[in-house]
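Below is one structure, written out as structure tokens, with a few remarks after it.
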Amino acid sequence: MNVLPFASQESLFSDKVNYRFRIRPIEDADTLVPSSDKKKEQVVVCTFSGKSAKQKATCSFKLGGAAEKVTFNTLTGTEGGSGQKGDLRVFAGARSDSFFSDFERTSNNVNNGLGIDNKAKGKNGDQGANVLSIVVEFDRARLSTPLVAVTAQTTRR
């Protein structure tokens with residue numbers, strides 16, 4: 001999950017937000033429609049506390065069975081932080097923004113109606129920009145089905 005585009009060295013995760021990964025089974029590979037049964041949904045929720053460079057991160061994994069937590073400290077800047085409990089692993093911190101956007105071409109096309117020059121080399125306007133990222137990892141055997149839909153969302157606490 002990527003949040004806060006153009007994050008600076010001092011950017012923090014909000015202590016007022018739940019960072020939630022919703023994992024829903026896809027039972028029909030032909031339609032790829034996720035299940036609407038809330039009982040089948042698996043969830044990972046990360047929260048952060050503290051307003052200094054070292055924040056406490058707590059990620060709760062509800063992947064069937066008992067809920068498990070991974071707690072660790074994360075640092076602002078380019079280091080981030082990570083925690084692990086068995087096969088549950090989490091990273092949270094600043095990373096290079098993976099989004100590519102050629103701002104000049106987009107602006108020319110939208111504002112001037114100019115066609116896009118497909119032969120010119122694109123320029124990444126996000127080059128060097130950071131974003132705050134949360135990465136979760138766990139053994140796929142914990143999933144209820146081999147095919148899932150994952151949605152990342154932020155909600156107020």
Which pair of non-hydrogen atoms, one from Cys46 and one from Phe48, has the smallest distance, and what is that distance? CB-CE1, 4.3 Å
Check ion pair Glu27-Lys40 (N to O, under 4.0 angstrom): yes
Just how far is it from atom OG1 of Thr74 to atom CG of Leu12, taken to the nearest 0.5 Å? 9.0 Å
Step through the shown structure and confirm whether more than 12 heavy atoms of other residues, nucleotides or ligands are within 6.0 Å of CZ on Arg142. yes
Are Ser49 and Asp15 close enough, and set up right, to give a side-chain hydrogen bond (donor to acceptor under 3.5 Å, both in side chains), and what steps lead you there? CA-CA 5 Å; Ser49 60; Asp15 60 356; over 6 Å; no
Going from CG on Leu63 to CG on Asp87, what distance comes out if it is rounded to the nearest 0.5 angstrom? 8.5 Å
Please check if Ile23 and Phe91 belong to a single hydrophobic cluster, counting links between Ile, Leu, Val, Met, Phe, Trp and Tyr side chain heavy atoms closer than 4.5 Å. no
Under 3.5 Å donor-acceptor, Gln55 side chain and Phe13 backbone: yes
Count the heavy atoms of every other residue, nucleotide or ligand shown that sit under 6.0 Å from CZ of Arg157, and state whether that count exceeds 12. yes
In this structure, which one of Thr154, Val44, Val135, Val136 forms a side-chain contact (heavy atoms from CB on, under 4.5 Å) with Met1? Thr154
Please check if the side chain of Asp28 supplies one atom and the backbone of Asp30 the other of a donor-acceptor pair under 3.5 Å. yes
So, taking the atom named CD in Glu137 and the one named OG in Ser82, what distance separates them when rounded to the nearest 0.5 Å? 11.0 Å
